[in-house]
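Down below is the structure, laid out as structure tokens.
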Amino acid sequence: MKKVITYGTFDLLHWGHINLLKRAKDLGDYLIVAISSDEFNAIKNKEAYHSFENRKMILEAIRYVDEVIAEDNWEQKVEDVQKHDIDVFVMGDDWEGKFDFLKEYCEVVYLPRTVGISTSKIKDDLFDVNNG
Ligand code: C2G
């Protein structure tokens, strides 16, 4: 069984995230998603609308996702890859090159980000709609 892992906050979930998860799953047979804990989001300086528990529930409901674990820090990836016997590490290419150190442990794939959608775009568009 070819195991894939990817990391992220995945909040507010949108079709760009789904595109990423689908392509990640297509690279293997089993996809683990490590979602950033609320505490780690504070370190990433990222504000999530949904709590970790609710983001976990949402991700677990996605057909491409087989398992959800917590991402608590920047340093856990090597241990995760080894502990979960990962074959492929996947991230959007906004992270291009940032995780090449994992090539010692597994295949590293950066997939093109989906253009035209982002959580900040959703928030901006909603703000414009509500504020004329
Ligand atoms: N993504 C994408 N297309 C978009 C938006 C996001 O392909 N339009 C991808 C990102 O490249 C990332 C994943 O979806 O691979 C999750 O996005 P975020 O939740 O924004 O992830 P981020 O906060 O960058 O967390 O240790 C890694 C970090 O936890 C990554």
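Order of listing sets the numbers, starting from 1, for every ligand and every atom in it. Count residues from 1 along the sequence.
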Ring geometry between His14 and His17 (parallel below 30°, tilted from 30 to 60°, perpendicular above 60°): parallel
How long is the span from the CG atom in Asp125 to the CD1 atom in Ile122, to the nearest 0.5 Å? 8.0 Å
Does Glu79 reach the main-chain N or O of Gln76 with its side chain, forming a donor-acceptor pair under 3.5 Å? no
Listing, residues 83-95 side-chain donor-acceptor contacts under 3.5 Å, not counting sequence neighbours, or none:
residue : atom : partner : partner atom : Å
Asp87   : OD2  : Lys3    : N            : 2.7
Asp93   : OD1  : Arg113  : N            : 3.2
Asp94   : OD2  : Arg113  : NH1          : 3.1

Mind listing the side-chain donor-acceptor pairs of residues 23-36 below 3.5 Å, one per line with the distance, residues two or more places apart or on another chain?
residue : atom : partner : partner atom : Å
Arg23   : NE   : Asn19   : O            : 3.0
Arg23   : NH1  : Pro112  : O            : 2.9
Arg23   : NH2  : Pro112  : O            : 3.0
Lys25   : NZ   : Asp66   : OD2          : 3.0
Asp26   : OD2  : Lys22   : NZ           : 2.9
Asp29   : OD2  : Lys2    : N            : 2.6
Tyr30   : OH   : Glu67   : OE1          : 2.7
Ser36   : OG   : Gly8    : O            : 3.3
Ser36   : OG   : Thr9    : OG1          : 3.4
Ser36   : OG   : Lys44   : NZ           : 2.7
Ser36   : OG   : Glu71   : OE1          : 2.9

Taking any residue with a non-hydrogen atom under 4.0 angstrom from an atom of ligand 1, which ones do you get? Tyr7, Gly8, Thr9, Phe10, His14, Gly16, His17, Leu20, Ser36, Lys44, Lys46, Glu71, Trp74, Lys77, Met91, Gly92, Asp94, Trp95, Arg113, Thr114, Ile117
Cluster partners of Val115, using ILVMFWY side-chain heavy atoms under 4.5 angstrom, listed by chain and number? none
